[in-house]
Amino acid sequence: MPNLNRLLEGRSLLKDSAPFEGERATLLAIDPSVGVSGLPQSATGQGILVTGINIPAALGYHYGPKPNPEVAAFLIEGTLFSRFVAAGKKVALLNAYPPRYFDGIDSGKRLYSSIPLAVTKAGLGLFKHEDLFAGRALSADFTGAGWRTMLGFPAAPTLDAYHAGQKLVSLAMDYDFSLFEYWASDYAGHKQQMETAIELMEMFDGVLGGLLDEINDELLVLITSDHGNMEDLSTRKHTHADVPAIVIGSKLAREEFTRDMRELTDIAPAIWKTVMRD
Ligand SMILES: [Zn+2]
């Protein structure tokens with residue numbers, strides 16, 4: 001992973017490497033367990049990321065993958081997305097969703113996961129296949145290959161990993177705050193697929209390379225996760241491991257953003273302060 005390696009100035013992506021403040025990036029180890037027993041789960045973890053509220057502590061449990069009514073209540077109450085919308089900021093979830101996703105939601109067979117629930121409850125739309133084709137959104141697999149092979153769009157535009165990274169930056173530059181959600185690594189972790197895990201990490205490194213070549217100091221990028229999984233393929237479950245928070249941007253912005261940042265609950269308030277200051 002040459003790009004990650006260069007970014008972390010030779011350090012590996014392990015807890016022992018954090019905290020690290022480099023020339024272009026800051027690396028922190030973030031606790032996703034937030035003081036509540038049991039393994040971190042996606043609905044509550046993502047809920048924390050967009051609310052800053054310790055939802056597992058309030059409920060007494062971690063929950064996922066999709067939010068139950070108790071978790072959903074926190075997301076309906078207010079999130080980063082709804083607060084930015086109320087403040088007149090331009091915000092988006094950059095993923096494009098296929099028609100079958102919307103069919104599933106409309107028929108009641110599929111529940112929103114926490115992030116799209118937060119987005120739609122804020123009154124924002126999700127990007128569709130038209131947006132992917134028009135270059136306004138990015139495929140959840142970065143490259144768009146899955147739209148051709150699995151989603152029935154043989155003419156879907158595809159990007160290599162490097163250009164997907166560049167695209168992510170150019171899309172983000174259109175917004176005050178944007179989020180891109182990636183979950184293939186969670187699937188690979190649940191399926192304990194080492195070969196896929198390596199492929200995904202190498203693809204991520206390519207994306208990172210494009211992102212680093214395209215980014216300027218107007219943008220602050222946070223790469224993090226709601227929980228660990230793929231780093232330990234001896235179990236098909238999530239892990240208790242700290243998750244990395246890689247922050248890329250100007251040194252001053254990174255220092256302010258990461259101050260006192262220790263667990264998932266610290267991230268949403270830091271984003272809130274950073275975006276609202278401008
Ligand atoms: Zn999972």
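Reckoned from all heavy atoms, side chains included, excluding hydrogens, waters and symmetry mates.
Taking every heavy atom of both residues into account, F81 and L93 meet most closely at CE2-N, 4.4 Å. In terms of heavy-atom proximity, G35 sits nearest to D31 at N-OD2, 4.2 Å. Considering every non-hydrogen atom in both L117 and P67, the closest pair reads CD2-CG, 4.1 Å. In terms of heavy-atom proximity, F133 sits nearest to A156 at CZ-CA, 3.5 Å. Nearest heavy atoms, A164 versus L138: O-CD2, 4.1 Å. Among all heavy-atom pairs drawn from K167 and G135, the shortest one is NZ-O, 2.8 Å.
No side-chain donor-acceptor contact under 3.5 Å links T158 to the backbone of A145. Listed for the N54 side chain is a donor-acceptor partner under 3.5 Å among the backbone atoms of V34. A donor-acceptor pair under 3.5 Å is formed between the side chain of K90 and the backbone N or O of D174. When atom types are taken as modelled, the side chain of S250 and the backbone of A253 share a donor-acceptor pair closer than 3.5 angstrom. With hydrogens and angles ignored, the 3.5 Å screen pairs a side-chain donor or acceptor of D205 with a backbone N or O of N3. The backbone N or O of A92 lies less than 3.5 Å from no partner atom in the side chain of S178, so there is not a single donor-acceptor pair. Between the R83 side chain and the G78 main chain, no donor and acceptor come within less than 3.5 Å of each other.
Atom NZ of K128 is surrounded by 12 or fewer heavy atoms from other residues, nucleotides or ligands within 6.0 Å. Dense packing is recorded around CD of E9, with more than 12 heavy atoms of other residues, nucleotides or ligands lying under 6.0 Å away. At most 12 non-hydrogen atoms from other residues, nucleotides or ligands lie less than 6.0 angstrom from NZ of K15. In the displayed structure, K251 atom NZ is contacted under 6.0 Å by more than 12 heavy atoms of other residues, nucleotides or ligands. Under a cut-off of 6.0 angstrom, the local environment of CD in E130 is crowded, with over 12 non-hydrogen atoms contributed by other residues, nucleotides or ligands. Atom OH of Y187 has 12 or fewer neighbouring heavy atoms from other residues, nucleotides or ligands inside a 6.0 Å radius.
Atom OG1 of T79 and atom CD1 of I53 lie 9.5 Å apart (nearest 0.5 Å). From H163, atom NE2 reaches atom CD of E214 across 9.5 Å, with rounding to the nearest 0.5 Å. Within the model, atoms CG of L212 and CG of L4 stand 9.0 Å from one another, a figure rounded to the nearest 0.5 Å. One finds the CH2 atom of W183 at 9.5 Å from the CD atom of Q46 (value rounded to the nearest 0.5 Å). Interatomic distance, CD1 of I48 versus CD1 of I55, reported as 6.5 Å (0.5 Å rounding). Note that CD1 of I267 and CG of L28 are 8.5 Å apart. Values are rounded to the nearest 0.5 Å.
You'll find the side chain of F127 stays beyond 4.5 Å of the side chain of N95, heavy atoms only. Between P56 and Q41, the closest side-chain pair of non-hydrogen atoms is not below 4.5 Å. V71 is listed as a side-chain neighbour of L59, based on a closest heavy-atom distance under 4.5 Å. By the 4.5 Å heavy-atom criterion applied to side chains, F257 and T26 are not counted as neighbours. Looking at E70 and Y61, their side chains come closer than 4.5 Å, going by heavy atoms from C-beta outward. You'll find the side chain of V50 stays beyond 4.5 Å of the side chain of S114, heavy atoms only. In this structure, the side chains of F84 and D176 stay at 4.5 Å or more apart for every pair of heavy atoms. The shortest side-chain heavy-atom distance between L75 and K121 does not fall under the 4.5 Å cut-off.
With hydrophobic clusters built from ILVMFWY side chains whose heavy atoms lie under 4.5 angstrom apart, L80 does not share a cluster with I76. In terms of hydrophobic clustering, with Ile, Leu, Val, Met, Phe, Trp and Tyr side chains grouped at heavy-atom distances under 4.5 Å, I105 and I115 are assigned to a common cluster. A continuous path of Ile, Leu, Val, Met, Phe, Trp and Tyr side chains, each step under 4.5 Å between heavy atoms, connects I248 with L13, placing both in one hydrophobic cluster. L159 and V169 fall within a single hydrophobic cluster, where Ile, Leu, Val, Met, Phe, Trp and Tyr side chains are chained together by heavy-atom contacts under 4.5 Å. Connection of L132 to M203 is not established within any shared hydrophobic cluster, with ILVMFWY side chains joined at heavy-atom distances below 4.5 Å, either directly or through further cluster members.
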Show your reasoning for whether side chain to side chain contact (heavy atoms under 4.5 Å, CB included) applies to Y162 and D213. CA-CA 9 Å; Y162 179 87; D213 282 354; 2.5 Å; yes
Test side chain to side chain contact (heavy atoms under 4.5 Å, CB included) applied to V119 and L179, step by step: CA-CA 10 Å; V119 170; L179 191 146; over 6 Å; no
Check the pair R110 / K66 against side chain to side chain contact (heavy atoms under 4.5 Å, CB included), numbers first and verdict last. CA-CA 9 Å; R110 178 195 281 268; K66 305 287 177 77; 4.1 Å; yes
Walk me through it: do L208 and I223 pass the test side chain to side chain contact (heavy atoms under 4.5 Å, CB included)? CA-CA 10 Å; L208 188 64; I223 305 169; 4.1 Å; yes
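Listed by chain and residue number, F142 satisfy the ring-ring contact (aromatic ring centres under 6.0 Å, His included) test with F180 (two or more places apart in sequence, or in another chain). By the side-chain hydrogen bond (donor to acceptor under 3.5 Å, both in side chains) test, R262 is found to be paired with no residue, residues two or more places apart in sequence or in another chain being considered. When the side-chain hydrogen bond (donor to acceptor under 3.5 Å, both in side chains) test is applied to T143, no partner is found at least two apart in sequence or on another chain. Shown here are the side-chain hydrogen bond (donor to acceptor under 3.5 Å, both in side chains) partners of E21, two or more places apart in sequence or in another chain: there are none.
Pairs engaging residues 191-242 under the ring-ring contact (aromatic ring centres under 6.0 Å, His included) rule: H190-H238, H227-H238 [sequence neighbours left out]. For residues 215-225, the set of pairs meeting the side chain to side chain donor-acceptor pair (under 3.5 Å) definition, not counting sequence neighbours, is empty.
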